[in-house]
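Down below is the structure, laid out as structure tokens.
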Amino acid sequence: MDKARSKRRRGLPALLVALLYLAFLACPLALASLDAQKTPIWREIASGAGALGFAFVLAEFVLSGRFTLVSGRVGIDAIMRLHQFAGRAALVLIAFHPLLYVSPRLSRDPADALSTLGSMFASGSLRSGAVAWALTMALVAMAIWRDQLHMKYETWRLSHGLGAALIAGLSLHHALGIGSHTSAPALALYWQVSFTLAILTLVHIYIVRPLRRMRRPYRVASVEITAERTWLLLVEPCDGDAVSFEPISFEAGQFVWLNIGHSPFSLIEHPFSISSAPQARHLQFLIKESGDFTSRIGSVKPGAQVWIDGPYGQFTLPDDIGGHKLQPLVFIVGGVGVAPVLSILRDLEKWSPKRAVSLIYGNRLSSQIVALDELRAMEARLGLSLNLVLGEPPENWNGLTGDLSERILSPLLTPLADGARYMICGPPPMIDSVELTLKRLGIGRRAIFTERFRY
Ligand SMILES: Cc1cc2nc3c(=O)[nH]c(=O)nc-3n(C[C@H](O)[C@H](O)[C@H](O)COP(=O)(O)OP(=O)(O)OC[C@H]3O[C@@H](n4cnc5c(N)ncnc54)[C@H](O)[C@@H]3O)c2cc1C
């Protein structure tokens, strides 16, 4: 079992990913410093900021590309957070890049400095750089304030990808045409190779990967309502009319991107945790109605074509199965956040029934609780300690009442189980507040694992 687990976790170690990333960012600065041609220090700083900002932009293509090599062991959640942080870093560096050129004059003669800045933006030779500058500001702002824009996710994603490619192309033109140290052949080569890799990344994501996906078609086996506004979707591999029983191999707790009823090249796909155990006949998903796509899930017909990208995610069991000391597990979930935990519990029933496992499962209403009978059966079969929490309980409710706050969690979690792994899943605000509570109770960061239902 341990062998099978480690085989599935492909990808570079986190330290190597970090080192490669830093080396890639440092490369243009190092190559520029080797150039014999020197300019005044503030010009070096200004061009350095632009170069570093451009390197950040180029690396974003790889970070956001869902590459197992990059995120397989680091975790896609961590990589997506790095992607978001790097976008902001690029924004600051690129925003300051032209300002730094005029900075010495800003204190002496601000009007002159601003007029020089204006002419820089108006200059024909700097046009590609100026457009890339404006586009970067717009693109990052659109990503930060995505929710406030009320834009369809798919429209935003398309504009984000195309915008980034345009910025990269214009920045390349700017760097090679007018950038400082462009005469250094090694630096020019770095920009050309990195840009080509960024574009190849897009080709891989939007052409090669869908083509590969076409070799593994799936279809909807059934969709039925299972709790209030929550649907149970079963998906099976299919090859024409025949069912070939080789669904993707995944670890309990992982998720996939599902594309239902669209071309494999479509951008319309959504991330969902798999709630069935690995090796189950069907892939099972719990889908809560929340927006455009999820609200229409009930109208999907059995037989509809499904394309799957995945599995991804690190919200999985520790590698101690088969070992002597089994780590206690504490799951704290809100609403449909129970989906990956069901997969894990179902897996655990097969592998290690003798582990201390508890589940604190919060919902607003009792009608929203999923798989209650199965969870009750797990109390006996798995020794699961099940605590149901309802925000608005019915009159005869004998479970806990409230939200997953410190008042509820503290008595359930203390005294702290020795060496326990705390796994939290649900909407980001709930995760943030539970994480804070756990830290206040003295639980270390390394013991806490989260799956945020949002990127
Ligand atoms: C790792 C992960 C696992 C998830 N597992 C589950 C699950 O098991 N069950 C469940 O009900 N929900 C799950 N979700 C949430 C689910 O993906 C969203 O509710 C769904 O995509 C919303 O789509 P919509 O069109 O209905 O709503 P919209 O209103 O269009 O989208 C709401 C928000 O969902 C996110 N979203 C939408 N489309 C995508 C996309 N293609 N890629 C990434 N984010 C997107 C965006 O943040 C968007 O702002 C998960 C999310 C993540 C990130």
Side-chain angles (χ1 to χ4, degrees), residues 64-66 71 75-81 83-84 142-161 205-206 209-210 223 225-235 250-262 264-276 283-300 306-316 331 333-346 361 363 368 370-371 423-431 449-455:
S64 58
R66 301 180 200 162
S71 61
I76 197 163
D77 201 30
I79 293 291
M80 289 312 285
R81 280 200 232 176
H83 170 70
Q84 288 159 2
M142 278 172 71
I144 295 172
W145 290 292
R146 193 180 78 204
D147 286 346
Q148 284 73 15
L149 289 175
H150 300 294
M151 202 183 228
K152 272 190 80 176
Y153 185 85
E154 289 74 21
T155 315
W156 171 81
R157 189 175 156 197
L158 184 66
S159 65
H160 197 68
I205 298 168
Y206 296 112
R209 213 176 270 166
V223 195
I225 192 123
T226 184
E228 195 187 284
R229 296 180 53 222
T230 305
W231 296 82
L232 182 69
L233 170 73
L234 293 187
V235 168
F250 66 96
E251 277 188 70
Q254 288 193 298
F255 71 94
V256 294
W257 260 270
L258 280 186
N259 161 344
I260 304 180
H262 298 282
F265 296 94
S266 169
L267 291 183
I268 307 176
E269 52 172 7
H270 296 262
F272 291 104
S273 298
I274 305 169
S275 57
S276 45
L283 294 174
Q284 187 192 97
F285 301 90
L286 287 169
I287 299 185
K288 174 86 185 273
E289 292 178 18
S290 64
D292 281 2
F293 168 77
T294 46
S295 299
R296 290 198 306 264
I297 191 72
S299 60
V300 168
V306 179
W307 305 106
I308 290 182
D309 182 24
Y312 297 99
Q314 305 285 96
F315 192 73
T316 52
F331 297 103
V333 304
V336 77
V338 76
V341 173
L342 276 176
S343 171
I344 294 174
L345 293 175
R346 287 164 175 165
Y361 179 19
N363 279 288
Q368 292 169 335
V370 172
M423 302 183 68
I424 320 168
C425 184
M430 171 241 145
I431 292 187
F449 293 77
T450 60
E451 184 71 286
R452 286 163 194 272
F453 274 6
R454 188 196 156 90
Y455 283 133

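For ligands, and for the atoms within them, numbers begin at 1 and follow the listed sequence. Positions are given from 1 along the sequence. No hydrogens, no waters, no symmetry mates; every other heavy atom, side chains included, goes into these values.
Ligand 1 is never approached by Arg157 to a heavy-atom distance shorter than 4.0 Å. Not a single heavy atom of Phe285 sits less than 4.0 Å from an atom of ligand 1. Using a 4.0 Å cutoff on heavy atoms, Glu289 does not count as a contact of ligand 1.
Of the candidates Leu286, Asp77, Leu267, it is Leu286 that places a heavy atom closest to atom 9 (N) of ligand 1.
By the definition of a contact as any protein heavy atom under 4.0 Å away, atom 18 (C) of ligand 1 is not in contact. Distance check for atom 7 (C) of ligand 1: a protein heavy atom is found below 4.0 Å. There is a protein heavy atom closer than 4.0 angstrom to atom 50 (C) of ligand 1. Protein non-hydrogen atoms do not reach within 4.0 Å of atom 34 (O) of ligand 1.
Residue contacts with ligand 1: Phe293 is placed with a nitrogen or oxygen under 3.5 Å of a nitrogen or oxygen of the ligand (distance criterion only). Residue Arg146 places at least one N or O, backbone or side chain, under 3.5 Å from an N or O of ligand 1. Considering backbone and side-chain atoms together, Thr294 places an N or O closer than 3.5 Å to an N or O of ligand 1.
In terms of protein heavy-atom proximity, atom 11 (O) of ligand 1 is closest to Lys288 N, 2.8 Å. The protein atom (non-hydrogen) at minimum distance from atom 29 (O) of ligand 1 is Gly291 CA, 3.6 Å. Tyr153 CD1, 3.8 Å is the protein heavy atom nearest to atom 36 (N) of ligand 1. In terms of protein heavy-atom proximity, atom 15 (C) of ligand 1 is closest to Phe453 O, 3.8 Å. Here the heavy atom of the protein found nearest to atom 20 (C) of ligand 1 is His270 ND1, 3.8 Å. Nearest non-hydrogen protein atom to atom 53 (C) of ligand 1 is Arg454 N, 3.4 Å. For atom 41 (N) of ligand 1, the closest heavy atom belonging to the protein is Glu269 O, 2.3 Å. When only non-hydrogen protein atoms are considered, atom 16 (C) of ligand 1 lies nearest to Pro271 O, 3.5 Å.
Under 4.0 angstrom from ligand 1, the non-hydrogen atoms of Phe255 all belong to its side chain. At a heavy-atom distance under 4.0 Å, no atom of Lys152 approaches ligand 1. Both the backbone and the side chain of Ser273 come within contact range of ligand 1, each with a heavy atom under 4.0 Å.
Ionic pairing of Arg209 and Glu269 is not present here: no N-O contact between side-chain nitrogen and carboxylate oxygen is shorter than 4.0 angstrom. Here Arg296 does not pair with Asp292 in a salt bridge; the nearest charged N to carboxylate O distance is not below 4.0 Å.
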Candidate pair Leu149 and Met142, rule side chain to side chain contact (heavy atoms under 4.5 Å, CB included), full reasoning: CA-CA 8 Å; Leu149 289 175; Met142 278 172 71; 3.8 Å; yes

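In this structure a side-chain-to-backbone donor-acceptor pair under 3.5 Å is present from Tyr361 to Val370. A donor-acceptor pair is defined here as one N or O able to donate and one able to accept, closer than 3.5 Å; such a pair exists between the side chain of Ser343 and the backbone of Ser276. Counting only distance, with no hydrogens or angles, the side chain of Thr230 and the backbone of Glu228 share a donor-acceptor pair below 3.5 Å.
Interatomic distance, CE of Met423 versus CD of Glu451, reported as 8.5 Å (0.5 Å rounding). Met151 contributes atom CE, which lies 11.5 Å from atom NE2 of His160 (distance to the nearest 0.5 angstrom). Taking CD1 from Ile268 and CD1 from Ile260, the interatomic distance works out to 11.5 Å, rounded to the nearest 0.5 Å.
Within ligand 1, the atoms closer than 4.0 Å to a non-hydrogen atom of Ala339 are 8 (O), numbered from 1 in the order shown.
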